[in-house]
Each structure stands twice: as C-alpha cells, then as structure tokens.
Visitor: 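Input: one structure, supplied below.
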Amino acid sequence: MEEAIQDAVRVKGIAKRFGPVRALRDVNLHVKSGEILGLLGDNGAGKSTLIKILTGFTQPNEGQIFVHGEEVKLRSVAYARSLGIETVYQDLALVNELSVYHNMFLKRELLSKPLPLLSNQKMRVAAREYLAKIGITNIPNVDIEIANLSGGQRQAVAIARALYSNAKILLLDEPLAAMGAREGALILKLLRNLKAQGEIAIIMIAHNYAQVLEVCDRINLLQHGEITFDKKVDPTLLEELNNIVMSEYRIAEPHA
C-alpha cells in the first residue's frame, strides 16, 4: 500500500454505528507529516466520533487505519499514544493552579535520585527549552500559573505538552474556538512553525472556515457522517465551501 506508507495516518472505509444510528459511513481520510488537514463540519456531522476513533477511545465497526504505513487496531487511548497520536481537546486538560512547566510534565514528572522528589529545576529548564524549540515565545515565564495566561497562551501550552510526548500525529479539537483575532494569530503562528519543521501531521477540527484556510494545506468537509469534499487550499476555496454549505441549508429548509 504505497499510498498508506506515504501518510502519517490514513483511514479507509471507516464506519461507526450506535444502535440504529450511523454516525460515520465509508470515511476515507489521510494526512502526511508536515501537512495540516482541516476537518470541517457542523455539529452532529461525525467529527467527534472520528476523532475518538483516531485516539483509540472508541472502535469502528468497519474500516482500516494505517499509521506510517502499518495497519493498526487502535484498541485504547494508551496504545494510540504509544504510536505517537495525541489530542488536544477544547477543555485543554490543564490545571490552572499549577505552573506552565508543571503542566508540561503533568503525569510524567521528572524525579530526582536517590529520593523520589520532584526535579523542578530539570522540568523548568526542559519546558523552557522545548517551548523555544517549537516557536512558542509568548509565554512570559514557565513559573507562571496557567490561570494567569491568556486563552491563546493556554492553548499553546496544551499543544506543547502533547508534542513533548513525542507526538507524530496531532489532533486539535477547535483550537481557535472563542478566541479573538490576536489570540488566534498566536496559535496560527505556532501551527505554521510546526508545519515548517515537517515532523508532525496535524488534523485540525474547526467551524471557522476563514481561519482554517490561513494555515491548512487541505480541507475535508464531513457531512452526515461522510467526507464529501477533499481539496487543497486555494484562493477560491472559501467561496466554494460557502456555496456547498448554503446549498445544504436551502435543501434542508422547510417549504412554505
């Protein structure tokens, strides 16, 4: 499977049913390292179900998943993470009362020897160096509590924590939700930096088409559990997407 080998992740024919409800049907999706795929769709389109399958949280009823060319069964979240798949959800899962560097090492703290005490200095230095490495320069101090950061800064820390786990495939659930233009620009800059490094494949779930087109290489549109649109980003794409969505709304409107 030459196509699958070239991709960081590829799914073929994925279907998922919840009783009589078919949440996904024959979904085909792929993304390469150094590429950002925008996954768009309204609420209820199946985006959350697809992400849960890719994170190992739930299992598909049909279909195949390939990670770096190898077919895999993502039987658990822990197993998906062992393959380099990490997810940053909207709630970010950060602890407001802890510092930036403590959040970076949450549940994988470095300990000193021979006594099992927290090695705060090592974690502090490692967090500072890693943030700089991936281009996060807007965090004033790694000692600052998460609660004192802006929304964009918190999102950046959550992404950095996921990447520090040796992630190769990063799933971002609405990373620009409820952000102003300035905060959103911080995250878009970070994503551009990650794309330029060419090591991470990113799938970015979003509702705001315009923001997504600024940073994504390709767009997939998920409608009623199916990928109905797969196209590289170009200057006409926003108008094309708007026409598709408006056409669906017109069909769905009740006739007088």
Visitor: Is there side-chain contact between L40 and L222, with heavy atoms separated by less than 4.5 Å?
Guide: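 Not touching, per the 4.5 Å side-chain cut-off.
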Visitor: What I want to find out is whether K16 reaches E62 closely enough, with some N-O distance under 4.0 Å, to be called a salt bridge.
Guide: no
Visitor: Do I146 and L186 belong together in a cluster built from hydrophobic side chains that touch within less than 4.5 Å?
Guide: no
Visitor: Just wondering, more than 12 heavy atoms not from R218 lying within 6.0 Å of its CZ?
Guide: yes
Visitor: Report yes if the side chains of R81 and S165 come closer than 4.5 Å at any heavy-atom pair, otherwise no.
Guide: no
Visitor: Using side-chain contact (heavy atoms from CB on, under 4.5 Å), reason through L172 and L191 one step at a time and then give a plain yes or no.
Guide: CA-CA 11 Å; L172 301 178; L191 294 178; 3.6 Å; yes
Visitor: Taking the side chain as everything from C-beta on, heavy atoms only, tell me whether L171 gets closer than 4.5 Å to V88.
Guide: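 No. Closest side-chain heavy atoms not under 4.5 Å.
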Visitor: So, taking the atom named CG in D91 and the one named CD in E174, what distance separates them when rounded to the nearest 0.5 Å?
Guide: 13.0 Å
Visitor: Tell me every residue that passes side chain to side chain donor-acceptor pair (under 3.5 Å) with T228, counting only those two or more places apart in sequence or in another chain.
Guide: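 With neighbours one apart ignored, the set is Q223.
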Visitor: Set out, in order, the CA-CA distance, both residues' side-chain angles and the distance that settles side-chain contact (heavy atoms from CB on, under 4.5 Å) for I203 and L54, then state yes or no.
Guide: CA-CA 10 Å; I203 299 176; L54 290 174; 4.1 Å; yes
Visitor: Taking a hydrophobic cluster as the set of Ile, Leu, Val, Met, Phe, Trp and Tyr residues connected by side-chain heavy atoms closer than 4.5 Å, whether directly or through intermediates, do Y79 and I14 fall within one such cluster?
Guide: yes
Visitor: Specify the closest pair of heavy atoms between V215 and K195, including all atoms of both residues, with the distance to one decimal.
Guide: O-NZ, 2.8 Å
Visitor: Donor-acceptor pair, Q197 side chain versus G34 backbone, under 3.5 Å?
Guide: no
Visitor: Using the rule given for side-chain contact (heavy atoms from CB on, under 4.5 Å), can you reason through R124 versus D143, listing the C-alpha separation, both sets of side-chain angles and the distance that settles it, and then say yes or no?
Guide: CA-CA 8 Å; R124 186 182 289 113; D143 291 287; 2.8 Å; yes
Visitor: Apply side-chain contact (heavy atoms from CB on, under 4.5 Å) to V100 and N141, showing your working.
Guide: CA-CA 8 Å; V100 169; N141 193 320; over 6 Å; no
Visitor: Please report the closest heavy-atom contact between L94 and R154, naming both atoms and the distance.
Guide: CD1-O, 3.4 Å
Visitor: Between V11 and N28, is any pair of side-chain heavy atoms under 4.5 Å apart?
Guide: no
Visitor: Is I144 reachable from V142 through a run of I, L, V, M, F, W or Y residues, each pair having side-chain heavy atoms under 4.5 Å apart?
Guide: yes
Visitor: I'd like to know if R161 and E86 make a salt bridge, using a cut-off of under 4.0 Å between side-chain N and carboxylate O.
Guide: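 Looking at E86 together with R161, the answer is no, because their closest N to O distance does not fall below 4.0 Å.
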Visitor: Hey, are the side chains of L117 and L111 touching, using non-hydrogen atoms and a 4.5 Å cut-off?
Guide: no
Visitor: Is it true that L118 and L110 fall in one hydrophobic cluster, defined by side-chain heavy atoms closer than 4.5 Å?
Guide: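 Yes; L110 is reachable from L118 via cluster members.
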Visitor: If you count the non-hydrogen atoms of other residues, nucleotides and ligands that lie under 6.0 Å from NZ in K122, is the total more than 12?
Guide: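 Atom NZ in K122 is not crowded, with 12 or fewer foreign heavy atoms closer than 6.0 Å.
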Visitor: Could you tell me whether a side-chain N or O of K47 sits under 3.5 Å from a main-chain N or O of D42, the two making a donor and an acceptor?
Guide: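 Yes, because the side chain of K47 sits within donor-acceptor range (under 3.5 Å) of the backbone of D42.
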Visitor: Please check if the number of heavy atoms outside K52 that lie under 6.0 Å from its NZ is greater than 12.
Guide: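 12 or below, so no.
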Visitor: Show the nearest heavy-atom pair for residues S119 and S112, with the distance to one decimal.
Guide: CB-N, 4.0 Å
Visitor: Residues sharing V77's hydrophobic cluster, by side-chain heavy-atom contacts under 4.5 Å among ILVMFWY, directly or via others?
Guide: F57
Visitor: Would you say K12 and H30 make side-chain contact, with heavy atoms under 4.5 Å?
Guide: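 K12 vs H30: side chains apart.
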Visitor: Could you tell me if S150 and R182 have a donor-acceptor pair between their side chains, going purely by distance under 3.5 Å?
Guide: no
Visitor: How far apart are the closest heavy atoms of F105 and A127, and which atoms are they?
Guide: CE1-N, 4.2 Å
Visitor: To the nearest 0.5 Å, what is the distance between OG1 on T55 and CG on L50?
Guide: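 The CG atom of L50 is 9.5 Å from OG1 of T55, to the nearest 0.5 Å.
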Visitor: Please determine, by modelled atom types, if H68 and D7 share a side-chain donor-acceptor pair under 3.5 angstrom.
Guide: no
Visitor: Linking Ile, Leu, Val, Met, Phe, Trp and Tyr through side-chain heavy atoms less than 4.5 Å apart, which residues share a cluster with V95?
Guide: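 When side chains under 4.5 Å apart are linked, the cluster holding V95 also contains L98, L106.
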Visitor: Do the side chains of D217 and K232 get close enough for a salt bridge, i.e. N-O under 4.0 angstrom?
Guide: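 Answer for the salt bridge query: no.
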Visitor: For the atom pair CD1 (I36) and CZ (R192), what is the distance rounded to the nearest 0.5 Å?
Guide: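 Spacing of CD1 (I36) from CZ (R192) equals 8.5 Å.
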Visitor: Could you measure the distance from the CG atom of L221 to the CD atom of E240? Nearest 0.5 Å is fine.
Guide: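 Result: 10.5 Å between the selected atoms.
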Visitor: Quick one: closest heavy-atom pair of A167 and A162, and the distance?
Guide: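 Nearest pair, atom of A167 first, then A162: CB-O, 3.4 Å.
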Visitor: Is Q155 reaching over with its side chain to a backbone N or O of Q153, donor-acceptor style, under 3.5 angstrom?
Guide: no
Visitor: Any chance you could measure L163, atom CG, to L194, atom CG, to the nearest 0.5 Å?
Guide: 5.5 Å
Visitor: With rounding to the nearest 0.5 angstrom, report the CD to CG distance, E239 to N243.
Guide: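 That separation rounds to 5.5 Å.
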Visitor: Using side-chain heavy atoms (C-beta onward) and a distance below 4.5 Å, is I53 in contact with L74?
Guide: no
Visitor: If you look at every heavy atom in Y130 and M104, which pair is closest and at what distance?
Guide: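 For Y130 versus M104, the nearest heavy atoms are CD2-CE, 4.0 Å.
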Visitor: Side chains of N220 and F229: does their closest heavy-atom pair fall under 4.5 Å?
Guide: no
